[in-house]
Amino acid sequence: MSVIYLLLTISIIVAILFFFAFIYSVKSGQYDDSYTPSVRMLFDDELITDKQKKSTLD
């Protein structure tokens with residue numbers, strides 16, 4: 001039974017550490033860029049066509 005208390009305590013400590021790491025990453029601006037992922041797929045085709053143009057010119 002004491003093993004359950006030990007594992008429960010360790011899991012709560014690990015969960016708190018991950019929570020503080022998440023809060024730190026949010027405050028440091030890790031998740032601030034919400035615009036680029038929404039338009040990134042729109043510019044993928046242009047990058048492919050640029051590579052194709054370069055290969056046809058060579």
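The distance from atom CD1 of I13 to atom CG of L8, rounded to the nearest 0.5 Å, is 10.0 Å.
V14 and I23 fall into different hydrophobic clusters, where Ile, Leu, Val, Met, Phe, Trp and Tyr side chains are chained together by heavy-atom contacts under 4.5 Å. In the hydrophobic clustering of ILVMFWY residues, with side-chain heavy atoms under 4.5 Å counting as a link, Y24 and I16 come out apart. I4 and I10 fall into different hydrophobic clusters, where Ile, Leu, Val, Met, Phe, Trp and Tyr side chains are chained together by heavy-atom contacts under 4.5 Å.
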